[in-house]
Structures are given as C-alpha cells and as structure tokens.
Amino acid sequence: MGKHDLFFKKNYNILYTLNDILLGLWFFIGSIFFYFESLKTWGVTLFVIGSFQLLIRPTIRLVHRFHLRKHYKKEYEKKQ
C-alpha cells in the first residue's frame, strides 16, 4: 500500500479503538450495576448496547476493506 497505508488505516484504527473503549466501558459499568438491585435494568441495557457494538467491530473492518478495494480499483484503472 505504500504511502496510502497510513492514510487508510488511521481513520479506521481510530474508529475501531473508540468502539473497543466504549464496548469495554459499557460492560464494565454494566457489571458494577449488577451489584445493586436498583441498577440491574441499566446493567442489562448496557450489556445489550455492548453486544450491539460487538457487531459494529466487523462492520468497521468490512467498510475499511471495501474502501481500500474501491480506491485501488480506481488507481489500477487510471494506469491502464
């Protein structure tokens, strides 16, 4: 990928890392909420949000790959 490597990876790495931080935060806070009866509903809600974010992880990766493929296809067509 050469000079384009950092450009394409940077934004997606930030998204991936931010998603992972939020994912860990939701599960951590949700786990603490389970210690308190009055907060269990919020704990379950945070677990559901975290589970949904587990689905976002591969989506970010797929979007990144499609974006790369589209870019390199255009580059290839320009050279021909």
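In the hydrophobic clustering of ILVMFWY residues, with side-chain heavy atoms under 4.5 Å counting as a link, L23 and I32 come out apart. Connection of L22 to F27 is not established within any shared hydrophobic cluster, with ILVMFWY side chains joined at heavy-atom distances below 4.5 Å, either directly or through further cluster members. Both L15 and L55 belong to a common hydrophobic cluster when Ile, Leu, Val, Met, Phe, Trp and Tyr are linked at side-chain heavy-atom distances under 4.5 angstrom.
Under the 4.5 Å side-chain criterion, counting only non-hydrogen atoms from C-beta, R57 is not in contact with I60.
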Distance-only check: which donor-acceptor pairs under 3.5 Å involve side-chain atoms of residues 34-52, not counting sequence neighbours?
from	atom 1	to	atom 2	distance (Å)
E37	OE1	K40	NZ	3.4
T45	OG1	T41	O	2.9
S51	OG	F47	O	2.9

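The side-chain contact (heavy atoms from CB on, under 4.5 Å) test with N19 singles out one residue from T59, I56, L54, and that residue is I56.
With rounding to the nearest 0.5 angstrom, the CG atom of L25 is 9.5 Å from the CD atom of Q53.
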